[in-house]
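Following: one structure in structure tokens, then a few remarks.
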2 protein chains.
Amino acid sequence: MRISLVAGAPNGKACNDCAIRDFGVCAALDKTDLRELEHLSRHVRFASCETVFAQEEMTTSVYNLLEGVLRLYKLLPDGRRQIVGFVLPGDFLGMPISVRHSFSADAIGAVTVCRLSRTAFARYTENKPHLLRRINELAVRELSQARDHMVLLGRRSAAEKVATFLIGWRDRLVQLNGPSTTVALPMNRQDIADFLGLTIETVSRTFTKLERDHVIGVLPGSVYLLDPARAEAMAAA
Amino acid sequence: MRISLVAGAPNGKACNDCAIRDFGVCAALDKTDLRELEHLSRHVRFASCETVFAQEEMTTSVYNLLEGVLRLYKLLPDGRRQIVGFVLPGDFLGMPISVRHSFSADAIGAVTVCRLSRTAFARYTENKPHLLRRINELAVRELSQARDHMVLLGRRSAAEKVATFLIGWRDRLVQLNGPSTTVALPMNRQDIADFLGLTIETVSRTFTKLERDHVIGVLPGSVYLLDPARAEAMAAA
DNA sequence: GATGGTCCTTGATCTGCGTCAAACGGGAAA
DNA sequence: TTTCCCGTTTGACGCAGATCAAGGACCATC
């Protein structure tokens with residue numbers, strides 16, 4: 001975990017030209033609001049495996065992810081890890097329940113975030129019901145995803161877990177980058193295992209099995225879906 | 001699942017005298033706001049095992065639980081069930097992500113809910129930033145609980161799951177009713193199993209084992225903690 | 001008091017996934 | 001080219017928890 005690089009403040013037209021302008025939290029804001037927001041935000045870059053914030057740390061900031069991928073995870077005292085989510089560009093990270101973070105976030109590959117002071121952002125939202133509703137909407141969507149993931153963790157087999165993960169991840173990438181035959185997997189096998197409540201060996205074996213069954217093809221850093229329908233069926237049932 | 005009984009509209013002082021006045025969503029509202037809200041809400045009672053709403057149904061209402069306990073669950077096509085939460089008085093049920101419910105809610109024992117039209121409530125909240133912030137706060141708290149539960153489902157042993165459940169449930173009841181030596185368990189063993197991602201047999205065996213180890217005492221419909229420290233240690237580690 | 005139903009517990013056995021251990025493969029450094 | 005490293009795969013084996021099956025315990029109804 002190396003020292004993070006702080007980029008300069010976004011220039012005058014930064015927020016308006018932001019890559020995630022139209023689908024992040026900021027989608028709820030008009031040009032005037034955005035101009036005000038620009039003064040509160042700073043772009044910050046993190047190298048692979050750097051920690052954006054850690055469990056138990058004070059929550060001083062909120063974040064929008066601009067580029068790259070983050071993993072969010074919780075650790076048990078004995079070191080067992082559960083990844084509670086992966087964060088993609090446009091996702092908002094800024095609804096701390098308490099003064100301390102209840103999970104850690106670190107970079108999978110290089111990332112850029114848009115960071116804002118938590119208190120300044122709270123003040124900013126205070127009388128912007130449209131923004132509050134937007135944040136609400138995002139929170140509720142995340143809650144819904146969290147519940148879906150509970151079903152996966154509590155009630156699905158290893159093969160179903162892996163298939164569900166691949167389909168879900170593909171759908172998120174498609175929404176971001178448009179259709180593609182291959183599904184990039186920037187996270188490693190251990191991350192996938194800790195997300196699905198499995199071991200790395202079981203994930204690896206399951207990938208191999210799906211490959212033998214001609215459902216997927218496995219490449220370094222990605223997979224491609226040979227039989228999307230089969231994969232979707234496994235994810236649904 | 002029998003027909004639900006619709007109680008009369010709350011009388012003039014209902015909202016102000018409401019049992020959950022001070023800790024539900026409505027805690028964010030003053031007397032004037034409450035008076036307005038009264039016209040939008042109806043108390044509805046459900047008998048044990050009646051369904052308040054079901055997965056895939058249209059979301060027409062939002063709810064505050066007044067009395068009793070609800071279970072929230074998702075079903076897989078083949079019937080596997082994951083309970084995603086238990087609802088206690090004061091809890092708010094009203095943040096649908098889409099036009100259809102993504103989970104079902106039904107009564108564990110007799111319950112009373114305060115029901116409001118979803119659209120009327122949305123209109124009501126529109127220019128009440130304090131209420132929006134309150135709803136946000138509740139959503140974020142639920143999200144945090146959901147993530148904790150992911151850790152439990154993905155990374156804990158059966159004994160840890162049961163201990164964590166008992167401690168968590170006790171804490172919620174204490175917050176509601178004050179300290180007590182016994183922990184009421186209105187839900188049955190199958191519910192506990194489906195909440196913890198276990199089978200009913202494993203839950204039963206784990207209760208028996210905790211009793212043999214003098215951690216808990218098991219009674220019909222409740223348990224008491226003989227060694228709360230041991231139970232808490234199992235829940236933490 | 002008998003009957004049936006529901007929920008819970010217990011025992012015997014099975015199995016999916018975890019654990020332990022070794023080998024593979026591709027990229028970086030020497 | 002060789003060596004090392006690290007992420008990944010594969011194999012052998014073990015076990016926590018699932019499955020299958022049989023018994024309680026309690027309660028309502030007759």
Side-chain angles (χ1 to χ4, degrees), chain A residues 48-49 69 71 76 78-83 108-109 152-166 184-213 216-223 234 237, chain B residues 1 47-49 69 71 76 78-83 106 108-109 152-166 183-213 216-223 234 237:
Chain A
S48 192
C49 295
V69 185
R71 70 185 143 238
L76 291 176
D78 64 1
R80 281 175 288 178
R81 185 178 72 156
Q82 176 67 46
I83 291 186
I108 297 177
L152 177 144
L153 291 170
R155 288 292 178 231
R156 304 184 89 111
S157 69
E160 289 171 344
K161 284 178 175 181
V162 170
T164 306
F165 165 68
L166 290 176
L185 296 177
M187 69 292 286
N188 62 29
R189 294 287 186 272
Q190 187 64 61
D191 289 337
I192 298 175
D194 287 346
F195 184 55
L196 300 179
L198 297 171
T199 60
I200 184 174
E201 293 94 334
T202 299
V203 171
S204 182
R205 276 186 250 270
T206 306
F207 270 80
T208 305
K209 184 176 182 312
L210 289 175
E211 189 166 40
R212 263 202 316 272
D213 295 350
I216 64 173
V218 179
L219 298 171
S222 70
V223 299
M234 295 178 74
Chain B
M1 281 170 236
S48 192
C49 295
V69 185
R71 69 186 144 238
L76 291 175
D78 63 2
R80 281 175 288 178
R81 185 178 72 156
Q82 177 67 45
I83 291 186
D106 52 37
I108 296 176
L152 177 144
L153 291 170
R155 287 294 178 230
R156 306 187 87 115
S157 69
E160 288 171 345
K161 284 178 175 181
V162 169
T164 306
F165 165 68
L166 290 176
V183 182
L185 297 177
M187 70 292 285
N188 63 30
R189 294 287 186 271
Q190 186 64 60
D191 289 337
I192 297 174
D194 287 346
F195 184 55
L196 299 179
L198 298 171
T199 60
I200 185 173
E201 294 93 333
T202 299
V203 170
S204 182
R205 277 186 250 272
T206 306
F207 270 79
T208 305
K209 184 175 180 313
L210 290 175
E211 188 166 39
R212 264 203 313 273
D213 295 348
I216 65 173
V218 180
L219 298 171
S222 70
V223 300
M234 296 178 74

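To find a chain, count down the sequence lines: A is the first, B the second, and so on, and within it residues start at 1.
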task: Of all the heavy-atom pairs spanning B/Ala184 and B/Ser222, show the shortest one and how long it is.
output: CA-CB, 3.8 Å
Atom of B/Val218, atom of B/Glu211 and distance for their closest heavy-atom approach: N-OE2, 3.0 Å
Rounded distance in Å - [atom1] ([X]) to [atom2] ([N]):
X        : N      : atom1 : atom2 : result
B/Asn188 : C/dT9  : CG    : P     : 11 Å
B/Leu198 : C/dC17 : CG    : P     : 15 Å
A/Arg80  : C/dG18 : CZ    : C1'   : 13 Å
A/Leu196 : C/dC17 : CG    : P     : 12 Å
B/Phe207 : C/dC7  : CZ    : P     : 16 Å
B/Lys209 : C/dG11 : NZ    : C1'   : 18 Å
A/Gln190 : D/dT8  : CD    : P     : 9 Å
A/Ile200 : D/dC6  : CD1   : P     : 14 Å

- prompt: Nearest to the side chain of B/Arg189 - D/dT8, C/dC8, D/dG17?
  reply: C/dC8
message: Side chain of A/Ser204, heavy atoms from C-beta onward: which of D/dA18, D/dT10, C/dT9 has the nearest atom to it?
response: D/dT10
query: Is the backbone N or O of A/Arg80 less than 3.5 Å from a side-chain atom of B/Arg155, with the two atoms forming a donor-acceptor pair by type?
result: no
query: Is the backbone N or O of A/Phe207 less than 3.5 Å from a side-chain atom of A/Arg212, with the two atoms forming a donor-acceptor pair by type?
result: no
query: Think A/Thr208 has a side-chain N or O under 4.0 angstrom from the OP1 or OP2 of D/dT10?
result: yes
message: Does a side-chain N or O of A/Thr202 approach OP1 or OP2 of C/dG18 to a distance below 4.0 Å, or not?
response: yes
task: Return yes if the base of C/dG11 and the side-chain atoms of B/Arg205 contain a donor-acceptor N/O pair under 3.5 Å, otherwise no.
output: yes
message: Between D/dT10 and A/Arg212, counting only base atoms on the nucleotide and side-chain atoms on the residue, is there a donor-acceptor pair under 3.5 Å?
response: no
message: Can you confirm whether B/Phe195 sits close enough to B/Val203 that some side-chain heavy atom of one is under 4.5 Å from a side-chain heavy atom of the other?
response: no
- line: Comparing A/Pro220 with A/Glu201, nearest DNA chain C nucleotide closer to 5' gives the residue A/Glu201
